[in-house]
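Contents: one structure, followed by commentary.
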Protein chains: 4
Amino acid sequence: VTAGLAPTLAAVPLAATYAGVRASTLALVAHLDPEDCNLQPMPDASPAKWHLAHTTWFFETFVLAPFAPDWQPVHPAYAVLFNSYYNGVGAQHPRAERGLLSRPTLAEVRDYRARVDDAVAALLAEAPRRVADEIAARVELGVHHEAQHQELLLTDLKYAFSRNPLHPAYHAPPATTGPRAPGPLEWLRFDGGNVGIGAAGEGFAFDNELPRHPVLLSPYRLASRLVTNAEYRGFIDAEGYATPAHWLADGWTTVQREHWRHPLYWRQVDGEWLEFTLHGLVPIDWTAPVSHVSYYEAQAYAAWAGRRLPTESEWEHAAAGRPVAGNLLESGVFHPRPAEAGGTSLAQLFGDCWEWTGSAYLPYPGYRPAAGAVGEYNGKFMNGQAVLRGGSCLSAGFHLRASYRNFFYPPDRWQCTGIRLADDA
Amino acid sequence: VTAGLAPTLAAVPLAATYAGVRASTLALVAHLDPEDCNLQPMPDASPAKWHLAHTTWFFETFVLAPFAPDWQPVHPAYAVLFNSYYNGVGAQHPRAERGLLSRPTLAEVRDYRARVDDAVAALLAEAPRRVADEIAARVELGVHHEAQHQELLLTDLKYAFSRNPLHPAYHAPPATTGPRAPGPLEWLRFDGGNVGIGAAGEGFAFDNELPRHPVLLSPYRLASRLVTNAEYRGFIDAEGYATPAHWLADGWTTVQREHWRHPLYWRQVDGEWLEFTLHGLVPIDWTAPVSHVSYYEAQAYAAWAGRRLPTESEWEHAAAGRPVAGNLLESGVFHPRPAEAGGTSLAQLFGDCWEWTGSAYLPYPGYRPAAGAVGEYNGKFMNGQAVLRGGSCLSAGFHLRASYRNFFYPPDRWQCTGIRLADDA
Amino acid sequence: VTAGLAPTLAAVPLAATYAGVRASTLALVAHLDPEDCNLQPMPDASPAKWHLAHTTWFFETFVLAPFAPDWQPVHPAYAVLFNSYYNGVGAQHPRAERGLLSRPTLAEVRDYRARVDDAVAALLAEAPRRVADEIAARVELGVHHEAQHQELLLTDLKYAFSRNPLHPAYHAPPATTGPRAPGPLEWLRFDGGNVGIGAAGEGFAFDNELPRHPVLLSPYRLASRLVTNAEYRGFIDAEGYATPAHWLADGWTTVQREHWRHPLYWRQVDGEWLEFTLHGLVPIDWTAPVSHVSYYEAQAYAAWAGRRLPTESEWEHAAAGRPVAGNLLESGVFHPRPAEAGGTSLAQLFGDCWEWTGSAYLPYPGYRPAAGAVGEYNGKFMNGQAVLRGGSCLSAGFHLRASYRNFFYPPDRWQCTGIRLADDA
Amino acid sequence: VTAGLAPTLAAVPLAATYAGVRASTLALVAHLDPEDCNLQPMPDASPAKWHLAHTTWFFETFVLAPFAPDWQPVHPAYAVLFNSYYNGVGAQHPRAERGLLSRPTLAEVRDYRARVDDAVAALLAEAPRRVADEIAARVELGVHHEAQHQELLLTDLKYAFSRNPLHPAYHAPPATTGPRAPGPLEWLRFDGGNVGIGAAGEGFAFDNELPRHPVLLSPYRLASRLVTNAEYRGFIDAEGYATPAHWLADGWTTVQREHWRHPLYWRQVDGEWLEFTLHGLVPIDWTAPVSHVSYYEAQAYAAWAGRRLPTESEWEHAAAGRPVAGNLLESGVFHPRPAEAGGTSLAQLFGDCWEWTGSAYLPYPGYRPAAGAVGEYNGKFMNGQAVLRGGSCLSAGFHLRASYRNFFYPPDRWQCTGIRLADDA
């Protein structure tokens, strides 16, 4: 983890940044009922309340416990209850049983947050010089950790709400400005060559973006925008889910075992296609990007289309230097939007949907995880997952950058994931 | 279902009975948080909120819908969401996903109850003569149904709380009046012979208690009280859980697969035996009856002790004519208590713990379930379960009687179940 | 276990009986390939070779080891490999892994049989007087045990062959003598009353048939023959498998989970109904009894037909005193046959199909299992199973009697099981 | 697939090569019993008989059916029974049920082989010029396919035998020539740079080795030999299996769920470490390479040792140009041997154990699978697996080369897999 601040964070004092991010997390759940915040619809999707507590535990464990004089744990059981997977700092409550924790209540967790926030603020104001850099680095890591959990909180809640036949809406849909018709998919060429990949050394980065290293890229092409729902429906109508030739073997096995016939949140009701969203169950906007597809579906769609997914290096090389802008969490839309009609090159790079790449999540050459429990943040997950790039409509903008590597398992669909096609030039 | 009222119900108008039972259900959850009421720790254990709604659905579906003029469903989705298992009235929300229903909220379910209660009260006041008996019979059935769910609500919540490392207490323990030392276990002899078994025709009974029929009983003996925790610990200390000779084959398989070493809620902490109760985690009262044991454990304990479990006919013959009194729900204790020292014969017959019998839950000769969906109440469960008798500390007294047949699967342990030994005379 | 011999065994010396039964087991597999004899298609269905070895282990363990001077185990590992479930004599090879034992080979198991047979013959010839009765009793138990495994060997092999798309035939079909049209189903009335149930004390019986005891039976009626395939098809055509009202709750769950739509071995090929049999895949004989149905299906069929299954006491009372005759193993037909047209009362009582009763498999009043490991033969299985009566076309005739209690779990279908209807009189 | 022949195949006519490889497969099972050849101990491990038939099906389906005039299938059911995973040519018998196919018998499968072999020989002798190249390419592919299945046949049989408490030996151990003490582990440095990776265009290669392409390698080091059993025991003794810090998250989950404490075939008996091998259960040779470890174990060992696994490019660059020699299938040893004492650089590159690399099995840049069903050979498996390099003691030498990419899932242990350490230079 580099010690510096990300560009959008650098302009503000760290204490204000901390306070702002923490407050924005609470704002996400301000209108929810306590029952909403306790739902765990599958082991991978944690209750909102747990996210509120775990992010707090992160600061308590990695900032207050080592650095705040005379810090007393808020509750002796929280060290286990809200530890996600850090074996280096002790045991963990079973992941699949987070939804059984009606206690502490939502009110108690809010109080936990307040007490930790007060202590972090005090520490940032008074920390002795010799540890200030280390404290700042850890608080910054925790701020980015909190941004990750803001997104997870929303995707987990969306999945939980999707299992309720009442189709609860998390948020009212934004005022529409009329349908947008994204232009035709264009192909943009990149020469490749010997390019630099990985965090460039300025601003915050996770350890998995390091070290920066050279990669050889053959000339390649990227699609100018994400695959739309209409285009994906073409795959469905062409019997894509019934044609094994398009699929990876593991993908085909999953399609059959899980009876997949469409993206996770599509529903066919009385002949009409609907989609469950954070606005409730609504008609599918065919011009918007397809979302909540697995790596298997992304790969099968690309095979059917005669293309392929980009590698993570191809994606990063194309994105390097471009502004982090788009339909992000701060847009308040909470759902992917269609690309701008007649949009310029490489629309939807940041925001809207995380983009599956064809790259396995593996360490960069020379990668070494950080020492101690914080080193468990990324390195131990470098197996069996695929890399995603770019961020989604649920990602905070300050948290994204061209070198950012997200990762999920090939069958995962509950994240806001989409497809950008690539091809050899 | 007989049309009459149970003795303790007969003295009060049905409307008052209805109102009283419904209010007592709400009283059970008055001090709980919304998150507490939404927990589903396993498919068999439903959220408290679901119990509140399902019992309301029962009156709406079987009383208001057929009999209340112009009744409009409170919500169109509730017919499915809160149908437990009545195929005759339509589809059911998946049992294992009741805990995912954060909506309707607890407040909305309270409102649902209020609206149905108002309508039932109005119907009872105004029902035309020709359907009054049928309405009364169904309301009475619903009242007993509600009593069953009061007990389930508490046992399900207990199980949910038991999975929380914070050991939440549902209720403060009662003021103790000093330890009680139950007297030695005595054996009471019954001659048996050709005896009548089943509901005798006066007062309410479920259809599974009918028809009354003759049974031949050889002379037998029953223990004067339930097996205590101390006695059961003798079985544990004698390697009872490691000795297959005591166990039914299915029981032994379960012991090994589930790693059973003691009753469900016992915990060994730093060498001390504790027990999770509705009062939280407390030291085991060795003089109290052992509770939360499965049929397998009850049978194995009896085999180890050189005895057997009573048949349901033996139990009923012994209990017939005795007063329904003991440590029941209305005691407010919420946990089994030791038998009275020097107690009279057959202590703890009603209340404290449901008593496993050695009888399979099967139809009585000549049994026919009621017509229509209400006929699904009991008959279709007559397979693979064992009969329990007597009621527990979580059973409402008006709801119990000597002919009452409760039933659970042999491995079930989350109900308040105990052991009374029997033997041939 | 009573010491006497069954009627058909009494006339011959025990040594000749032993030799005959043992030879008849080998005859059942004489024409099979070694691969056939090693198949284990599910944990419940053991390889034929394992049956050959286990029955031998039974005599080695319970007869030779305790009584034959200087007996040396044929192989030290066999004590574990071929112990089925007798915890009292040591550990068991995992049941589900019997099919992984290519060694010992079939030839080696034949040799194992020969060596044990020689030793048993010698022991029977020379046993000292003081232990002769105990040896005789155990050999007789082993002979009946072998008969049980002859049937299991065939049903397990049938199930294994049914999973092979080549539809192997175990045996050529018997020469047909033209189709038989069983007469209409008649109803026979029995007065019941206080009747004696259980083995009467003459001839061999298992311990679970004891003690003989009185039972009160109301007047009842039994169908004159088994339900035919044609009658059962009526249930299917009436959407029986899609109508939950006919089914026990556990049965309905099983129907849905297992996608049951017909009896185990029925197949619909190009619109024609076929049935897998020990003669291969053949057109269904609609006049023959339906076979390979579970307890759930038997119960659902009876409910649909407006009848019920008999209790085991009703069945035994009706069968008492009738000759054990019918389509049995020694017929060499290996499949149920239609009832005689215009047949007399209670056709197909013995042979053709085991008949599900509505009775749970429980101990008779006063039952005590035998001491020692032999006591595990029956008692520990008295849970969760239903009683079947009468024997099948795969049962040896000498092994059957009116008081015989067979037992399987409600979802089991791989035994040759059928349906006889009953009703109140 | 390139059309040319591998170096060691080029010198002999294809017909002779075909005959030789086919005969060598039969030789592997010549001494086995039919029961041995039918075992399927887990879904991934097929019966030897199935391997014999499937490799034959491959020639029948891809060579005879399209090219042999008037070819009639040997049996109409074999097209499905012995199709492994080629959706492009039709349905497949369920993988997990291959062990239930006692029919066709081993003798019938031998006959199937003979008939196909005759037809392939005739076709090779008489094929018209215009299709000769395509036929030759497919026969060559089938020959290499057969070599793969020779290895699988042995590893699957080893796994099956390992589940038998009798510890059957496949083969007598070779005459020992005294223990070998491998020298200390040395580190060999490679400069890396822009190197060429992938099949170089001469000799046979699978499509997954293409296209050859440039890769940038930083300077790196490789261990001079495989990790020995003694060294791996150091990891065990240092609590390696109890220390999550060494493990990938998925690996740690697997260790706990599967209770891994040592390599797959190690056994601790009376305090002594033994190993199940194709020679039976024998004392562990501590100087031999550790084998039958998963990717997870290989990675954890490397982490504990402060090193890492090589990438597949690093391995291939180091191996390029070296002779394919070592302890291979033709050695007749059937087990890894210790490295030569004082051995030269990079001992055990080929043979002994497949070497896990840290590379995910993914397509090379520009990879396109072959058209038609043969294209399913490799491409669809490029997900979730790790690449292994070098071959094992069960691999035929003619079948190996520096660019060969084997692949298995991270938890797989039943292949003959070992560990070579790498590090940054």
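Keep in mind that what you see is a predicted model, and the values were worked out from it rather than measured. Below, chain A is the first sequence line, B the second, and so on; all start at residue 1.
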How about the chain C/chain D donor-acceptor pairs under 3.5 Å, what are they, with distances?
from	atom 1	to	atom 2	distance (Å)
C:E35	OE2	D:K49	NZ	3.4
C:E35	OE2	D:L106	N	2.6
C:D36	OD1	D:S102	OG	2.5
C:D36	OD1	D:R103	NE	2.8
C:D36	OD2	D:R103	NE	3.2
C:D36	OD2	D:R103	NH2	2.7
C:K49	NZ	D:E35	OE2	3.4
C:E97	OE1	D:R163	NE	3.4
C:E97	OE2	D:R163	NH2	2.8
C:S102	OG	D:D36	OD1	2.5
C:R103	O	D:N164	ND2	2.9
C:R103	NE	D:D36	OD1	2.9
C:R103	NE	D:D36	OD2	3.2
C:R103	NH2	D:D36	OD2	2.7
C:L106	N	D:E35	OE2	2.6
C:R163	NE	D:E97	OE1	3.4
C:R163	NH2	D:E97	OE2	2.8
C:N164	ND2	D:R103	O	2.9

If you take all heavy atoms of D:L100 and C:P41, which pair is closest and at what distance?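 Shortest heavy-atom contact: CD2-CA, 3.5 Å.
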Structural part of D:L101 lying under 4.5 Å from a heavy atom of chain C: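 Both backbone and side chain.
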Given that the side chain runs from C-beta out, which part of D:L81 has a heavy atom under 4.5 Å from chain C: side chain, backbone, both or neither?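 Interface part for D:L81: side chain.
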Identify which part of C:P104 has an atom lying under 4.5 Å from any heavy atom of chain D, answering side chain, backbone, both or neither.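 Both parts, backbone and side chain.
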Can you tell me which portion of C:L32 sits under 4.5 Å from chain D's heavy atoms? Options are side chain, backbone, both or neither.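 Side chain only.
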Where at least one partner belongs to residues 76-86 of chain C, residue pairs that pass salt bridge (charged side-chain N to carboxylate O under 4.0 Å, His left out), sequence neighbours excluded: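 Salt bridge (charged side-chain N to carboxylate O under 4.0 Å, His left out) check on residues 76-86 of chain C returns no pairs.
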